[in-house]
Amino acid sequence: MDTIGPALRVAALWGAWLLLMLFHVELGLMPLFHGATVEIQSQVPARQLPRLFLAMLVYLLLPVWALLLAVHAATAPAGWSAAVGWRAAQFALSVLYSATNVVHLMADIRIPDSRRDQVLLMLVLTLVGGLLNLETWRWWQA
């Protein structure tokens, strides 16, 4: 049973997902460098922003954790990080993140003045998420 290959593919896909998220944020902020505003009307009260920022931090740190676990599993295929429970957790996390990406993509498409580059990037991010779902499923079932 080859567990190194799937673990490396999962790690690579989490890495690609994280890079695409970084590009999504970077492209969103790009107008600042050209004197344009990126301000949007927020419905979140200012007192709740620290919780929102913490939630975003956790949202971005979980894939980092998943990537590190997949790399660890690739380097120690008989170790704890390659156990079936952790592989199932990788699959569950990838499905959860794919669902949030689909919701975000649909929201971006529905915004009348959304930027095409952001929509395209979210589409690619959603496709990478789909590949991640497939690969984590295969790894879990191996």
Side-chain angles (χ1 to χ4, degrees), residues 1-34 36-111 113-142:
M1 173 172 65
D2 177 28
T3 57
I4 294 174
L8 286 177
R9 288 190 294 275
V10 166
L13 286 165
W14 277 122
W17 189 93
L18 285 162
L19 281 172
L20 287 166
M21 280 299 290
L22 179 65
F23 295 156
H24 180 62
V25 172
E26 177 65 25
L27 273 176
L29 296 177
M30 193 60 69
L32 286 176
F33 299 108
H34 300 281
T37 183
V38 295
E39 186 175 1
I40 58 172
Q41 292 292 57
S42 176
Q43 304 301 321
V44 179
R47 69 181 182 282
Q48 290 184 350
L49 287 178
R51 276 190 256 162
L52 179 65
F53 296 153
L54 179 62
M56 268 318 289
L57 178 63
V58 170
Y59 183 82
L60 291 171
L61 285 178
L62 286 176
V64 171
W65 171 74
L67 182 147
L68 292 173
L69 281 178
V71 169
H72 187 271
T75 60
W80 62 270
S81 57
V84 71
W86 284 112
R87 296 192 319 253
Q90 289 271 1
F91 174 70
L93 190 65
S94 74
V95 168
L96 175 67
Y97 275 65
S98 288
T100 63
N101 286 341
V102 168
V103 169
H104 190 114
L105 174 63
M106 292 299 113
D108 280 355
I109 289 171
R110 293 182 64 190
I111 295 172
D113 60 345
S114 65
R115 290 180 29 207
R116 290 183 193 164
D117 59 336
Q118 290 287 57
V119 173
L120 177 61
L121 195 49
M122 279 308 302
L123 178 63
V124 173
L125 191 58
T126 302
L127 292 174
V128 168
L131 291 173
L132 184 60
N133 295 158
L134 180 63
E135 201 57 51
T136 54
W137 172 262
R138 287 178 179 164
W139 187 32
W140 177 24
Q141 300 303 311

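All heavy atoms count here, side chains included; hydrogens, waters and symmetry mates do not. Throughout, residue positions are numbered sequentially from 1 according to the sequence presented. The structure displayed is predicted, hence computed values, not measured ones.
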Decide yes or no on side chain to side chain contact (heavy atoms under 4.5 Å, CB included) for W17 and L67, but give the supporting numbers first.
CA-CA 10 Å; W17 189 93; L67 182 147; over 6 Å; no
Spatial distance of atom [atom1] ([X]) from atom [atom2] ([Y]) [nearest 0.5 Å]:
| X | Y | atom1 | atom2 | answer |
| --- | --- | --- | --- | --- |
| Q90 | W140 | CD | CH2 | 12.5 Å |
| L105 | L125 | CG | CG | 9.0 Å |
| L127 | L132 | CG | CG | 12.5 Å |
| L93 | T136 | CG | OG1 | 9.0 Å |
| H104 | M21 | NE2 | CE | 7.0 Å |
| T126 | L121 | OG1 | CG | 9.5 Å |

Do the side chains of [Y] and [X] get nearer than 4.5 Å, heavy atoms only?
| X | Y | value |
| --- | --- | --- |
| T100 | V103 | no |
| H72 | W80 | yes |
| V25 | L22 | no |
| L27 | R115 | yes |
| W14 | L68 | no |
| Y59 | Y97 | yes |

Have a look at P6 and tell me which of E135, R87, R138 forms a side-chain contact (heavy atoms from CB on, under 4.5 Å) with it.
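The side-chain contact (heavy atoms from CB on, under 4.5 Å) with P6 is passed solely by E135 among E135, R87, R138.
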Which of these, L13, N133, L19, sits in a side-chain contact (heavy atoms from CB on, under 4.5 Å) with V128?
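Testing V128 for a side-chain contact (heavy atoms from CB on, under 4.5 Å) against L13, N133, L19 leaves exactly one candidate, L13.
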Nearest heavy atoms of P77 and A82, plus distance in Å
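Of all heavy-atom pairs spanning P77 and A82, the closest is O-CB, 3.3 Å.
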Specify the closest pair of heavy atoms between W139 and A73, including all atoms of both residues, with the distance to one decimal.
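Smallest heavy-atom distance, with atoms named: CZ2-CB, 3.6 Å.
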Spell out, as yes or no, whether a donor-acceptor pair under 3.5 Å connects the side chain of S114 to the backbone of I109.
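No; judged by distance alone, with no hydrogens or angles, the pair does not exist.
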